[in-house]
Number of protein chains: 2
Amino acid sequence: MEYKKILKRKKLKITPKRIAIINYFLKKDKYATPFDVWIYLKKNFKKIGLPTIYRNLEEFEKIGILTKIKGEENRFYYGICKMLNKKHHHHIICTSCHKISDFELCNFEQIKGEIEEMTNFEIKEHQFFLKGICKDCKEGGVNEKI
Amino acid sequence: MEYKKILKRKKLKITPKRIAIINYFLKKDKYATPFDVWIYLKKNFKKIGLPTIYRNLEEFEKIGILTKIKGEENRFYYGICKMLNKKHHHHIICTSCHKISDFELCNFEQIKGEIEEMTNFEIKEHQFFLKGICKDCKEGGVNEKI
DNA sequence: ATCTAAATAGAAATAATTTCTATTTAGATA
DNA sequence: TATCTAAATAGAAATTATTTCTATTTAGAT
Ligand SMILES: [Zn+2]
Ligand SMILES: [Zn+2]
Ligand SMILES: [Zn+2]
Ligand SMILES: [Zn+2]
């Protein structure tokens, strides 16, 4: 598990629950709410609190293991980030099955300067937020869930 | 008020509160939570409910008058969209004063196809999410609030 | 095997958002 | 201008998401 290395590097202890959370996202490969994660983990950990989930998801986002996104309703979702290398990249979400993929191609730098001039802002950070339909869903694929 | 026209076109009634909400955002020119809006409108409308604010902000987002964004904490913010024409555009937010500006320059189409190939997604929608520092803040400008 | 700081459980508080019903009102129409 | 109706609102309450707190447990260092 490459993710363990990251936890170590970031001085986070490797607990069974943390591993389970990461595995959940790896297996599911789709975005999920803290509540979703909780419901699932409860199968294997009779005693697990929702605050534990919230705390860990937040930490995982900080260290780049997860990305946090605004779902269609007023809730936040998390999805796993497969690009553990530090490289610049963005994510795309399937509006049908909520799968998340990442990609590195980015041409934002080309227009950054011009936008800065036009808006009088100094740009510090950019994110692409892409939505689409994944191949599986396009082909009417089954929507296997965890 | 160009915004009135939009309300009419969208069959929304023009009520004093709706006008006040739009004016609030126009004058403030920064993003705000429903709660912020409520506190402000209460000055002029002794009787105004928070649900009214929520309802209207949501409607305004639907018709393109406002944009909804995820703030630094777990809350949603709204900012006014000055580009009432239907043209494709994006927004940039000042992390210091929360001002929102819009701009039309976008080169995403150039890489869209390649991303679709690489990810096997059919891209339906893209948003840029930019953060930066506005000119006023860079110059240590006063942070006049409404 | 022992120790300590970090992680967790569990309960409770807080805060955001939505729902519901009775009342009011914008704007259409006569 | 007066009347009417669907849309908008108030106000209270419910629901849901998220955070905080304290006592207890545990990972990993020694
Ligand atoms: Zn899909
Ligand atoms: Zn980029
Ligand atoms: Zn600013
Ligand atoms: Zn664009």
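Throughout, a chain's letter reflects where its sequence line sits, starting with A, and its residues are numbered from 1.
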To the nearest Å, how far apart are [X] [atom1] and [N] [atom2]?
| X | N | atom1 | atom2 | result |
| --- | --- | --- | --- | --- |
| B:Leu57 | D:dT9 | CG | P | 11 Å |
| B:Lys10 | D:dA7 | NZ | C1' | 18 Å |
| A:Glu58 | D:dT20 | CD | C1' | 13 Å |
| B:Glu59 | C:dT18 | CD | P | 13 Å |
| A:Ile19 | C:dT8 | CD1 | C1' | 16 Å |
| A:Arg18 | C:dA7 | CZ | C1' | 6 Å |
| A:Phe76 | D:dA17 | CZ | P | 13 Å |
| A:Asn56 | D:dT19 | CG | C1' | 15 Å |

* To do: Hydrophobic side-chain clustering at under 4.5 Å (ILVMFWY, transitive links): who's grouped with B:Ile133? Put none if nobody.
  => none
* Asked: Would you write out the dot-bracket form of DNA chain D, 5' to 3', with Watson-Crick and G-U pairs under 3.5 Å, [ ] for crossing pairs, | for pairs to other strands and . for unpaired bases?
  -> ||||||||||||||||||||||||||||||
* Asked: Do B:Ile111 and B:Phe129 belong together in a cluster built from hydrophobic side chains that touch within less than 4.5 Å?
  ->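 No; tracing contacts between hydrophobic side chains, which count when under 4.5 Å, never links both residues.
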* Structure fact -> The single option from A:Tyr31, A:Tyr40, A:Tyr3 that satisfies ring pair (Phe, Tyr, Trp, His ring centres under 6.0 Å) with A:Tyr24 is A:Tyr40
* To do: For A:His126, enumerate each residue passing the ring pair (Phe, Tyr, Trp, His ring centres under 6.0 Å) test, keeping only those at least two apart in sequence or located in another chain.
  => A:His88, A:His90, A:Phe108, A:Phe128
* Identify, with sequence neighbours excluded, every residue that meets ring pair (Phe, Tyr, Trp, His ring centres under 6.0 Å) alongside A:Phe35. =>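 A:Phe35 satisfies ring pair (Phe, Tyr, Trp, His ring centres under 6.0 Å) with A:Trp38 once adjacent residues are dropped.
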* Excluding sequence neighbours, so at least two apart, what forms salt bridge (charged side-chain N to carboxylate O under 4.0 Å, His left out) with A:Asp102? -> none
* Structure fact -> The side chain to side chain contact (heavy atoms under 4.5 Å, CB included) partners of A:Asn44 (sequence neighbours excluded) come to none
* Taking only residues two or more places apart in sequence or in another chain, which ones pass side chain to side chain contact (heavy atoms under 4.5 Å, CB included) with B:Glu116? -> B:Lys112, B:Glu122, B:Ile123
* To do: Give a yes/no on whether any side-chain N or O of B:Tyr54 is located under 4.0 angstrom from OP1 or OP2 of C:dT17.
  =>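 It does, given that an N or O in the side chain of B:Tyr54 lies less than 4.0 Å from OP1 or OP2 of C:dT17.
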Are there any protein N/O atoms within less than 3.5 Å of an N/O atom in nucleotides 25-30 of chain C, and if so, which ones and at what distance?
residue	atom	partner	partner atom	Å
C:dA26	O3'	B:Ile14	O	3.4
C:dA26	N3	B:Lys13	NZ	3.2
C:dG27	OP1	B:Ile14	N	2.6

* Mind checking what makes side chain to side chain donor-acceptor pair (under 3.5 Å) contact with B:Glu125, not counting sequence neighbours? -> none
* To do: Applying side chain to side chain donor-acceptor pair (under 3.5 Å), name anything that partners B:Glu59, two or more places apart in sequence or on another chain.
  =>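 By the side chain to side chain donor-acceptor pair (under 3.5 Å) rule, B:Glu59 matches B:Arg18.
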* Got a sec, which pairs hit salt bridge (charged side-chain N to carboxylate O under 4.0 Å, His left out) with one end in residues 45-58 of chain B, sequence neighbours left out? ->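 Every candidate salt bridge (charged side-chain N to carboxylate O under 4.0 Å, His left out) pair involving residues 45-58 of chain B fails, so no pair, neighbours aside, qualifies.
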Write out a two-atom table: protein N or O, nucleotide N or O from nucleotides 9-11 of chain C, distance below 3.5 Å.
residue	atom	partner	partner atom	Å
C:dA9	OP1	A:Lys17	NZ	2.3
C:dA9	OP1	A:Lys47	O	2.3
C:dA9	OP2	A:Gly49	N	3.0
C:dA9	OP2	A:Thr52	OG1	2.4
C:dG10	OP1	A:Lys47	NZ	3.0

